[in-house]
Structures are given as structure tokens and as C-alpha cells.
**Student:** 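Mind looking over this structure? Questions follow.
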Amino acid sequence: MTLPAIHCSHGGAWLRDASGTRAVSKGEAVMAAADTPLLLLNAPLVATRLGYPDLSGLDLLELYAFIHPARFVVPTPKGLAKALGLAEPASESDIPALLQTAADALLATCESDAWAEREGAWSALQSLTRMRWPWAVLLNGRIARPERAERWLFSRLPEWEEAADLPQPAQVRLEQDEVLDRLAALTGSQAETRPGQRAYAIETSEVFAPRPRQGQPHVLLAQAGTGIGKTLGYLAPASRWSERSGGTVWVSTFTKALQRQLRQESRRAWPERRPDGSRPVVVRKGRENYLCLLNLEDALQGGFAGRAAILAQLVARWAAYTRDGDVIGGDLPGWLGTLFRQRGITALTDRRGECVYAGCPHYRKCFIERAARASAKADLVIGNHALVMVNAARGRDHAARPTRIVFDEGHHIFDAADSTFAVALSGAEAIELRRWIIGPEKASRGRRRGLAARLADIASYDEAGGRAISAAREAAEALPGDGWLQRLVENTPSGPIEELLAAVRALVYARDESGGAEAGYGLETEAAELEGAFVEQAQAARAALADLRQPLIRLGVRLEAILEEPPDWLDGPGRARIEGARHSLAWRIELVAAWEALLERLGGPADPEFVDWLAVERSDAREFDVGIHRRWLDPMKPFAKVVLEPAHGVVMTSATLRDGEDWESAIARSGARHIGVEPRLSAQQSPFDYAAQAAVLIVTDVPRGDIAALAAAYGRLIEASGGGALGLFTAIRRLRAVHGRIADRLARGGLPLYAQHVDPIDTGTLVDIFRDDPAASLLGTDALRDGVDVPGHSLRLVVMEQVPWPRPSILHRARRLTGGGSAYDDAIIRARLAQAFGRLIRGRDDSGHFVVLSPAFPSRLLTAFPPGTPVQRVTLDEALQRVARHGSGDGIVSPDRAQSSA
Ligand code: SF4
């Protein structure tokens with residue numbers, strides 16, 4: 001390989017060409033890249049490092065995605081070396097040579113008989129050549145033309161099989177012995193006996209007992225200290241119950257990391273496939289997570305242009321090899337989408353509910369339909385909180401609704417319910433509905449079509465149905481159309497909803513006092529003290545929505561009638577398509593009704609069940625949505641009704657379910673009391689020796705609000721620990737400011753620093769990179785506080801920039817008022833601290849420091865940390881010494897200096 005290669009980091013840039021490797025300035029690097037295509041790894045990241053957004057070149061990640069679709073790789077030089085079995089680079093200056101060797105190795109794969117992903121490559125390459133994909137020139141000639149024409153993707157994918165519904169589960173009661181035997185089988189005979197895990201398994205098994213009364217499920221709240229082995233603790237009774245009863249257990253998680261872990265651990269209890277080829281364990285996600293084959297076909301046939309068309313080809317390569325078609329958090333590399341700087345991947349999913357079900361030529365191969373069918377027959381379905389709630393609220397198939405549910409990461413149920421049962425009439429939401437009904441306004445390249453086109457056969461067969469479609473189409477003209485936000489800003493709204501949104505925007509700007517205006521954040525104001533003119537606009541908008549809902553209802557009735565008395569021409573697939581349409585119509589009717597209810601209230605007395613407010617959403621001071629919002633004051637009310645009441649057994653479990661030793665808020669936040677159920681409680685302490693493994697250091701001399709001091713503290717702490725630090729922020733602005741001040745210096749010292757909201761890399765991949773490199777550190781916000789599972793040496797220091805106060809939003813103020821004032825805040829902060837602390841110690845051999853940079857950390861928050869954890873208030877210098885000592889191999893805390901409370 002004679003192609004030159006470049007590597008850039010915060011520490012510098014290195015170029016390798018015919019004369020060898022040399023360090024170059026950013027300017028030289030940019031000139032070299034403009035001159036000739038360079039080999040590089042992760043072009044957007046290199047472009048960010050060089051400050052040259054137009055950078056392009058031969059990106060090895062694109063080549064990897066073509067040659068090994070659906071295969072995992074950490075997208076760093078070290079990760080690539082590992083994936084290809086090459087020697088890892090010893091220093092940054094070795095990386096350009098590695099890139100050349102890696103390119104050679106990948107290109108050589110194409111000529112090897114052992115290439116597992118050869119099928120489809122030649123055909124894809126022909127298209128990629130026409131698109132002038134830079135790698136095509138190098139691949140042509142290496143990939144032999146197959147002797148027989150390759151089948152095209154859509155004929156290669158397997159079809160799913162329709163199967164009879166499962167009978168209802170047998171009513172069984174699990175005995176303790178069988179649960180413990182199953183647990184022993186899962187953990188293995190060599191495994192140490194863990195009393196906490198055994199007790200936990202037995203407690204959990206109780207929820208699988210027959211339900212005593214209708215609407216009264218067994219509910220267990222189980223606090224499971226980190227390290228007790230809760231996953232196998234509940235999989236033991238779950239697998240035993242499913243085996244004996246023939247029923248399905250759902251395990252619901254909040255993070256993808258836990259889903260991955262569950263998929264692996266479930267292998268101990270179930271085989272990958274049953275003798276009939278079906279899968280006993282299925283991961284199920286919302287439909288917007290899966291590749292829509294019709295959208296992909298559309299993209300491959302001209303719907304996508306330029307770089308996006310190349311992305312579509314790479315996704316098509318992956319589609320032939322994927323396990324389940326999950327493009328978000330599945331086996332499609334998370335970094336692939338970010339290489340193309342567009343929302344290309346999202347456009348390949350079915351986000352807008354435009355699925356035509358059996359009317360789709362790929363229906364029998366559709367990943368979404370396959371996952372839905374597989375989960376109906378599975379013993380274990382691994383889902384997420386939002387999906388479980390949405391499924392319970394408006395699932396298509398009543399029989400497939402979950403009845404035995406383990407909510408792991410149970411401390412997130414409240415937030416998941418809060419968003420699931422929220423209502424927002426905003427510009428972005430309303431235009432989606434308009435597009436669903438009318439179709440896109442401009443001549444679109446894609447296949448997106450409106451209701452009339454999707455149901456053309458109904459319109460021509462059924463006159464009343466046809467009239468309803470036309471009326472809905474006409475009424476939908478009242479919804480915001482393309483360019484609505486611009487019109488709002490210019491105060492030239494069009495139609496009653498835009499007029500209302502313009503009034504909302506004006507009112508928010510007039511009244512907001514949150515300070516968000518200067519900071520570039522979103523703005524909001526209560527929906528109170530509204531003037532007559534505003535209320536009139538709201539009522540005009542409500543009337544327009546009512547005019548839209550009526551024909552939608554009439555259409556629903558017609559579809560129902562057609563299904564009841566089907567015409568001769570209606571075959572099975574046609575029927576399925578109408579059922580699909582009726583289902584998506586039903587939830588849009590519900591949505592419009594909820595909007596009407598929201599508007600009806602404006603100007604009237606407030607409903608104590610809800611919190612309503614008006615908001616302008618902004619990111620970096622740029623507006624992106626305007627709307628009226630409604631949340632349940634207690635979202636566990638609707639949760640209890642739609643999820644708990646129909647269930648038979650529910651476990652809510654987490655390492656941080658209760659507040660210290662106090663169960664009251666956990667019980668209230670379970671929703672059980674809303675259906676008159678008093679949950680059972682169980683608590684198992686973590687087996688970790690926190691006194692020896694961890695120490696909390698509260699640094700008292702970094703002044704709040706002093707960014708320079710904050711950045712210096714972060715930089716020195718990361719240096720003291722030699723990397724391995726997770727930095728947690730409550731504001732993106734401060735995160736960026738800190739990163740900007742310290743990243744270069746740290747990188748020059750061999751300590752790479754990555755950051756959410758800065759690096760053009762998705763969060764999951766950032767965590768993979770962090771896990772893979774013990775010298776790396778990672779800065780981030782909320783998602784990292786909860787979703788990082790990095791056991792071992794890679795994470796040995798957590799630094800929080802300050803006490804994680806809740807954002808004083810209107811919603812928060814309302815809940816605080818009814819939730820006990822400052823005690824409510826304290827409980828939230830303690831939960832956040834406990835979550836963040838939980839990132840540090842994941843295994844028996846882990847050790848590290850948890851540092852909070854807060855001059856005034858209230859003592860009442862200290863119960864957030866596990867009992868026995870030493871806590872000290874120290875100066876930054878002392879903290880640095882302690883962290884450095886740990887970095888050089890010393891223990892965490894010297895017993896004489898430790899104190900259990902500060
Ligand atoms: S059935 Fe629906 S989601 Fe599946 S491929 Fe077809 S249009 Fe897409």
C-alpha cells in the first residue's frame with residue numbers, strides 16, 4: 001500500500017508518506033488531505049480535530065463496514081488493530097503505519113476464500129463505483145465477479161412464519177427448591193454461593209404466583225445492591241416459571257448496555273434456538289429502531305443522493321448479515337451514521353408510522369414484523385420501559401401484552417412514564433400529523449405518501465370511506481406546513497394552529513424569566529393568566545382539530561365495517577393492511593383528542609392532575625420547536641392503570657430504588673397504590689467492601705461558577721489518575737468549556753479525552769472507546785450518569801462538577817410543591833448521586849475515587865452513598881494526592897484518615 005495516511009488527535013497530527021512518518025502542523029495536514037486522498041480513521045473526528053469540516057479521504061471505517069458488516073469494532077486505531085489481529089500501535093506516531101497495514105489487511109480479505117461476508121459485495125460494489133465511493137477504485141479488481149448473479153438483498157432475507165397464538169399460561173406456583181436449583185444451574189457449580197442472590201431469587205419468584213384478584217397484580221419492589229447478581233437472580237425464577245407455565249416473561253430495561261448484558265446472560269438459561277428454529281429469547285424494541293426495508297429499497301433506488309446513497313449501500317450490506325435489523329443499539333455500528341453527517345439512518349426506519357403493512361412487498365421479510373411475531377412466541381422478551389408502556393397503552397395485539405414484567409433499572413420507570421403519557425401540541429408534532437395525512441408537500445424523491453395514496457383502494461371501493469379521506473385531507477390543511485417555524489419567527493403564521501403557536505411563542509418570550517434566554521437554553525412559561533385573545537386563538541385551533549378528528553373517526557368506522565363484511569377482493573394481506581391502518585388511525589385520533597382536551601383547558605381553571613406550560617425549545621440558542629405541553633403531575637397514575645392493573649406479576653428492581661433506607665418515595669413512585677396494591681419490599685445489600693474499595697472526596701476549594709478553576713481541577717485530576725476518569729456535568733455549556741481548555745494538554749501527555757456533545761461520535765461508541773483504553777477519559781451528561789457499565793481498571797475516577805440540582809423547570813416546581821419541597825429535591829439529588837457513584841464500583845476488584853467539586857455539599861445528601869463508604873471534605877491538592885496515590889497502586893483510603901461522614 002503506497003497511499004499516504006494521516007492520524008490526528010488533540011495531541012497533534014502525524015502524516016506518513018513515501019518518506020516516512022513525521023509530525024505535521026494542522027495546516028500541513030489539511031493541505032496534504034486536500035492534495036491527495038489520505039487514509040484516515042473516522043473522517044468527521046479527524047475533521048473536528050483539524051478544524052476543517054470539509055475533510056474527506058479514504059476512511060477505514062467505511063471500508064470496514066463494507067467488508068465486515070454487522071461485526072463489532074471499537075472505532076479507534078487500537079480497536080481496529082484488535083479487530084484485524086494486528087499489533088497495537090505503541091504511540092500516536094505509529095498510527096499512520098497501522099492504518100496502512102489495516103487497509104492492506106482489509107483489501108486482502110476480499111481476495112481470500114475465507115471472507116465470510118462475500119455474498120452481495122460484488123453487486124454493492126458496482127453501485128458504489130457508480131457513486132464514486134473513494135474505496136471503489138481500490139476494491140475493483142479484488143472482488144471477483146461471482147459465477148452466478150447474486151440474489152438481491154430482498155430475495156435473500158428469510159421470511160417469518162405465521163404461527164398460532166400461544167395458549168394462556170398455566171397457573172403455577174414456584175417452590176423455593178426449584179428456584180434455587182435453577183439459580184445454581186445458571187450460576188454454575190463452581191460459582192461462589194451468594195446468599196443475597198439466593199434470597200433475591202426467592203423473593204422475586206413470588207410475583208409469578210397466580211394473581212389473587214382481577215386488577216391486583218403481585219408487585220415487588222426489590223432493592224438489589226450492586227454486585228449481588230440480580231440479573232441471574234430474577235432470570236432463575238423467570239425461566240423456571242416460563243418453562244412450567246408456557247408463558248412469556250418480559251424484562252424491561254432503561255439502557256441498551258443492560259439489554260446487551262441480558263442477552264448474554266439469558267444464554268445460560270435458554271439455547272440460542274429451539275429445535276424448531278425459533279428463538280426463546282427475543283430483544284424487542286420500538287418500531288422506530290428497526291430498518292424499514294421499503295425505505296431502504298427506496299433509498300437504494302434513487303431516494304438518497306450523494307453521500308447518503310453510499311450510506312444506504314453500506315446499510316444494505318449490513319441488512320443481509322444482521323441478527324435482527326435493529327439499527328439503533330443493535331449490530332449496526334453506532335459510528336456508521338455519524339460518518340455520514342446526515343440523519344440518513346433515521347430516514348431508513350419507520351419513524352412516521354407510514355408502514356403499509358401487508359401492502360408492502362417486503363412485509364413477509366420485515367424485521368419489525370419478525371420481531372413482533374418472535375416475541376409473541378418467546379419465553380423471555382427483553383424490552384425497554386417506553387416500549388412496555390406504549391405496548392400496554394396501544395399495542396396492536398392484546399394477547400401479546402406483557403403480564404409478567406421485571407422492570408430492571410426500576411428507578412427510571414417514573415421518567416419513562418412521564419414521557420410516555422405526556423401530551424405536546426407543538427409545531428414539530430403537528431407537521432408530522434399533517435404529513436401522515438396529506439403526504440409531503442414538495443415533490444419528494446422518496447416514497448412517502450399521504451393517507452389518500454395509502455388507502456386508494458378503499459377510497460375507490462367505499463364511497464363514505466373515500467369522502468372521509470378527502471375531508472381529513474382538507475381539514476389537515478389547518479395544521480402547520482413546511483416553513484412553519486420561519487413563519488412564526490417572522491410573525492406571518494398561516495392557519496389556526498400556526499396562529500396559536502405564534503401567540504405561544506410571543507407569550508413565552510414576554511414572560512420567561514428562567515435565564516435561559518442568555519444561556520441559549522429553552523424558554524418556558526406557565527399556561528396561566530392567559531389573555532382573552534390568546535384563549536380565543538386556542539379555541540379556534542381546538543375547533544380546527546375537532547374538524548380533523550371527525551373524518552378520521554368516520555374513516556375508522558368504515559375500515560371497521562369493511563373488515564366485518566369484507567368484499568370478495570379483500571385477501572389476507574389486504575385485510576392485514578386495513579387492520580394496520582385502523583390501528584395507526586386509532587392512536588392518531590387519540591392524539592388529536594388529547595390536543596383538543598389540552599386546548600379546552602386553556603383559560604379555564606387548572607386541572608390539579610396535570611401541569612401545563614408553553615415552551616420554545618432551543619439548542620445552542622437556535623429555536624427548533626414551539627408548543628404547549630401537558631404532563632401528569634403523577635405519571636404513575638396512568639402507568640398503574642395501563643401497565644400494572646392488567647398485569648399478573650411485576651418486579652421493579654434497581655440498585656438505587658429506595659432513598660437511603662427509606663422506602664416511602666419508592667412505593668409512591670411505583671404507582672401500586674393507585675390501584676390499591678401495597679407492594680412487597682425486599683432489600684439485599686451489596687457484597688462489595690465499599691470502605692476499602694471506594695472513597696468519596698468532596699473538594700471544597702473550587703469556587704462555583706469559575707470555569708477556569710473548574711477546568712483546571714478536571715485537568716489535574718485526570719492527570720493525577722492517569723486517565724480512567726468519567727467526568728459528569730449538569731450543563732453542556734460547562735462541559736464544552738472544560739473540554740476546550742484541557743483536551744489538547746491532556747492528549748499531549750498521552751491521556752485522550754473524549755466528550756459527549758463535542759466529539760462527532762454516538763454515546764454508545766464513546767463508552768466503547770472509553771472502556772477499551774485505560775488511559776482515556778470521558779466527559780458527559782445525564783446519559784453517562786446512568787448508562788455506563790465499565791468494570792475494571794478503565795474507570796477508576798468519577799468527577800462530578802457540582803451537586804446535581806434538578807433543573808428548576810415549571811414541571812419540577814409543580815411536583816416539588818406537592819412532593820414535599822426541598823425534601824423532594826434532596827431525594828432527586830441523592831438518587832442522581834447514587835447512580836453516578838454506582839458507575840465506579842462494578843466488581844469486587846474495582847476501586848476508585850468519587851470526587852464532587854462542591855464547596856458547599858450539604859451533609860444531608862451523604863446517605864446517597866452506600867453504607868460504609870468513606871467520605872471526606874478535602875482541598876483540591878489533597879484530592880490530587882489521594883487520586884495520584886491510587887494511580888500508583890496504593891489503596892483507596894488509609895483507615896486512620898477515613899471517616900464515615902464529613
Ligand atoms: S412492512 Fe412496513 S416497516 Fe416493514 S418494510 Fe414494509 S413498510 Fe417498512
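Bear in mind that the values here come from a model prediction, so they are computed numbers and not experimental data. In each ligand, atom 1 is the first atom listed, and ligand 1 is the first ligand listed.
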**Student:** Going by the order shown, which atoms of ligand 1 are within less than 4.0 Å of some heavy atom of R287?
**Tutor:** 3 (S)

**Student:** With respect to atom 2 (Fe) of ligand 1, please indicate if C360 possesses an N, O or S atom at a distance under 2.8 Å.
**Tutor:** no

**Student:** Counting backbone and side-chain atoms alike, is an N, O or S atom of C366 positioned under 2.8 Å from atom 4 (Fe) of ligand 1?
**Tutor:** yes

**Student:** Where does E369 meet ligand 1, judged by heavy-atom distances below 4.0 Å: at the side chain, the backbone, both, or neither?
**Tutor:** neither

**Student:** Ring centres under 6.0 Å, that's the criterion: do F407 and W250 meet it?
**Tutor:** no

**Student:** Between C292 and D350, which heavy-atom pair has the shortest distance, and what is it?
**Tutor:** CB-N, 4.1 Å

**Student:** Considering only NZ, NE, NH1 and NH2 on the basic side and carboxylate oxygens on the acidic side, decide whether K365 and E369 come within less than 4.0 Å.
**Tutor:**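 Result for this pair is no, no salt bridge flagged.
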
**Student:** L294 heavy atoms, cut-off 4.0 Å: which ligand 1 atoms fall inside?
**Tutor:**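 Checking each atom against L294, I get 5 (S), 7 (S).
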
**Student:** Do any heavy atoms of K365 fall under 4.0 Å from ligand 1?
**Tutor:** no

**Student:** Hey, is the main chain of H68 close enough, under 3.5 Å, to the side chain of W318 for a donor-acceptor pair?
**Tutor:** no

**Student:** Could you check whether any side-chain N or O of D408 sits under 3.5 Å from a backbone N or O of T253, counting only pairs where one atom can act as donor and the other as acceptor?
**Tutor:**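 Checked: no pair found.
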
**Student:** Got a sec: is C292 within less than 2.8 Å of atom 6 (Fe) of ligand 1 via an N/O/S atom?
**Tutor:**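 It does not: C292 brings no N, O or S atom closer than 2.8 Å to atom 6 (Fe) of ligand 1.
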
**Student:** Is E159 paired with R370 through a side-chain N to carboxylate O contact shorter than 4.0 Å?
**Tutor:**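 A salt bridge is absent here (no side-chain N lies under 4.0 Å from a carboxylate O).
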
**Student:** Heavy-atom contacts with I368 under 4.0 Å: which atoms of ligand 1 show up? List them by number with element.
**Tutor:**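 Selected atoms, number and element: 3 (S).
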
